[in-house]
Amino acid sequence: MRGTALLVPPMTAHRMLSAGDLLTLFVEPHSALADRLRGRCGSGSGIVAVPELYRLDEAELGRAAALPSVGLDPRLLAASALLEEPEGLEERVPMDLVAARVGLSPQRLRALARQQLGMPLARRRIWLKLRRSAEALGKGCSPAEAAAAGGFADQAHLTRRMREMIGMTPAAVLRVMQVLPASAAGAPGDVHRNGSGDG
């Protein structure tokens, strides 16, 4: 599929080939921007052309990314918040405990996450760990230190997960982060971006 702006829903296999500059936005699922994008892609529609997004400026995207979601179930938001706590990132904290804390059965929490986020919460946990590692890289940590900061077993584990989830290695992410101005590097809840075509 070709287009000036494409929307790739979570868990959609894809490969991007860039003919020139490529801007990739990784949007946090609990933001108002994600609500807006979920409305565009519908259930199981795959990759969708969204040319109107090409016209949005960085400030407008940033504002929409900073606003909290109003479309997600509050229990799902609470479960996501629990995952963002340091102990929530650990795989040894089982999802049934997270489900119990938000008043749902594990099966209902799984179904709710797939229905509203388009991905299982276990994938969300990996995403959060990757975000922590990327933030550590942005602060000048080595890939090995970034792996530890994100809760990965080692640098090889971080590299495998990062390549699997965003199509880039920690070294490639570090190069992109060094090129971006500080305002574009992002804070938690912001739009995460890269400028390479290997993602």
Side-chain angles (χ1 to χ4, degrees), residues 1-77 79-81 83-84 108-131 134 160-169 172-173 176-177 179-180 183-199:
M1 174 176 264
R2 294 176 180 261
T4 56
L6 300 174
L7 174 60
V8 182
M11 307 295 290
T12 302
H14 64 283
R15 181 172 182 209
M16 294 183 285
L17 301 173
S18 174
D21 287 341
L22 172 68
L23 179 64
T24 304
L25 307 175
F26 297 98
V27 180
E28 294 292 349
H30 56 274
S31 68
L33 179 56
D35 288 345
R36 181 175 172 184
L37 297 176
R38 273 189 289 274
R40 286 302 313 268
C41 60
S43 178
S45 61
I47 299 172
V48 182
V50 284
E52 67 275 13
L53 288 182
Y54 184 74
R55 293 184 289 277
L56 296 178
D57 66 16
E58 185 177 327
E60 188 175 355
L61 286 170
R63 282 191 300 274
L67 294 172
S69 170
V70 295
L72 295 178
D73 187 294
R75 297 166 298 179
L76 188 55
L77 290 172
S80 290
L83 292 180
E84 292 203 39
R108 181 63 189 131
L109 181 59
R110 271 194 298 277
L112 196 58
R114 284 190 181 275
Q115 175 190 24
Q116 293 192 5
L117 296 179
M119 66 178 161
L121 281 179
R123 270 314 240 212
R124 174 78 177 133
R125 181 182 285 178
I126 295 167
W127 176 257
L128 292 168
K129 291 171 70 168
L130 287 173
R131 187 178 75 188
R160 280 191 307 276
R161 286 300 195 175
M162 194 169 272
R163 186 170 296 185
E164 172 190 337
M165 295 284 283
I166 65 171
M168 298 174 72
T169 64
V173 169
V176 169
M177 293 178 86
V179 171
L180 291 173
S183 65
D190 285 353
V191 175
H192 302 282
R193 60 193 77 228
N194 81 52
S196 76
D198 65 351

Fill in the blank from the handout: Between Ile166 and Val173, the two heavy atoms sitting closest are CD1-CG2, 3.8 Å
Exercise for the section: With side-chain contact (heavy atoms from CB on, under 4.5 Å) as the test, would you mind laying out the steps for Gln115 and Arg110 before giving the verdict? Expected result: CA-CA 9 Å; Gln115 175 190 24; Arg110 271 194 298 277; over 6 Å; no
Fill in the blank from the handout: Rounded to the nearest 0.5 Å, the CG atom of Leu67 sits from the CG atom of Leu33 at a distance of 9.5 Å
Fill in the blank from the handout: All heavy atoms of Asp35 vs all of Ser69, minimum pair found to be OD1-OG, 2.7 Å
Handout entry: Under 3.5 Å donor-acceptor, Asp73 side chain and Leu112 backbone
Key = no
Fill in the blank from the handout: d(Arg108 CZ, Arg75 CZ) to nearest 0.5 Å is 6.0 Å
Practice task
Report the distance from atom CG of Leu130 to atom CZ of Arg161, rounding to the nearest 0.5 Å.
Solution key: 8.5 Å
Exercise for the section: List the steps and the verdict of side-chain contact (heavy atoms from CB on, under 4.5 Å) for Leu121 and Trp127. Expected result: CA-CA 9 Å; Leu121 281 179; Trp127 176 257; over 6 Å; no
Practice task
Please name the pair of heavy atoms, one in Leu117 and one in Pro29, separated by the smallest distance, quoted to 0.1 Å.
Solution key: CD2-CB, 3.6 Å
Handout entry: side-chain contact (heavy atoms from CB on, under 4.5 Å) assessment of Met119 paired with Arg124
Key = CA-CA 7 Å; Met119 66 178 161; Arg124 174 78 177 133; 4.0 Å; yes
Exercise for the section: Decide, yes or no, whether a salt bridge links Arg125 with Glu84 under the criterion of side-chain N to carboxylate O below 4.0 Å. Expected result: no
Exercise for the section: Assess whether side-chain contact (heavy atoms from CB on, under 4.5 Å) is satisfied between Arg38 and Leu72, documenting all intermediate values. Expected result: CA-CA 11 Å; Arg38 273 189 289 274; Leu72 295 178; 3.6 Å; yes
